[in-house]
Amino acid sequence: MKKFILSALAATLVASPLLAAAPAEAQQRREVTTVRHNDNGRTVVTKRTVVRTPQYRNWRAGQRFDRRQAQNYRVITTYRNYRLAAPPRGSQWVRSGNDALLINGRGNVVQVRGGAFQ
């Protein structure tokens with residue numbers, strides 16, 4: 001009886017990270033299939049590829065900024081048009097999705113203005 005309980009416990013410990021990782025990977029991957037129809041009514045699959053959708057994030061002050069994780073990344077030079085304060089020396093405003101982020105010279109997020117570009 002002890003062996004059965006210990007083996008069941010070990011199986012749940014091994015399987016739980018695998019089950020938790022499956023939904024995250026399902027969100028990242030999207031399969032694209034190109035289908036062509038012939039004159040005789042047959043369907044031919046000509047190309048099958050797997051496209052990974054990037055994972056964008058919600059930024060918080062104090063986080064390290066990585067522009068590869070920013071959606072619609074742009075450096076904002078006309079910050080007054082968006083009613084943003086002038087950045088301090090060595091800092092800059094950048095766009096990530098609809099948010100404006102103030103990034104300091106070390107690459108850390110100082111301030112987040114959500115919905116600045118709606």
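Side chains of R113 and Q111 form a contact here, defined as non-hydrogen atoms less than 4.5 Å apart. Using a 4.5 Å cut-off on side-chain heavy atoms (C-beta onward), R95 and Y73 make no contact.
Atom OG1 of T78 sits about 13.0 Å away from atom CH2 of W93, to the nearest 0.5 Å. Between Q69 atom CD and S96 atom OG the span is 9.5 Å, to the nearest 0.5 Å.
Linking ILVMFWY residues whenever their side-chain heavy atoms come closer than 4.5 Å, directly or via other members, places V75 and F65 in the same cluster. Linking ILVMFWY side-chain heavy atoms closer than 4.5 Å, directly or via other members, places I76 and V110 in a single hydrophobic cluster.
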Extract all donor-acceptor atom pairs below 3.5 Å that involve side chains of residues 101-108 and protein atoms in other chains or at least two apart in sequence.
| from | atom 1 | to | atom 2 | distance (Å) |
| --- | --- | --- | --- | --- |
| N104 | OD1 | R106 | N | 3.2 |
| N104 | OD1 | G107 | N | 3.1 |
| N104 | OD1 | N108 | N | 2.9 |

Validation: residues 84-92 side-chain donor-acceptor distances under 3.5 Å, sequence neighbours left out:
none

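Qualifying side chain to side chain donor-acceptor pair (under 3.5 Å) partners for R74, counting only residues two or more places apart in sequence or in other chains: N72.
Contact between W59 and V112 at its shortest, heavy atoms only, is O-CG2, 3.7 Å.
Distance alone, capped at 3.5 Å, is enough to place a donor-acceptor pair between the Q63 side chain and the R60 backbone.
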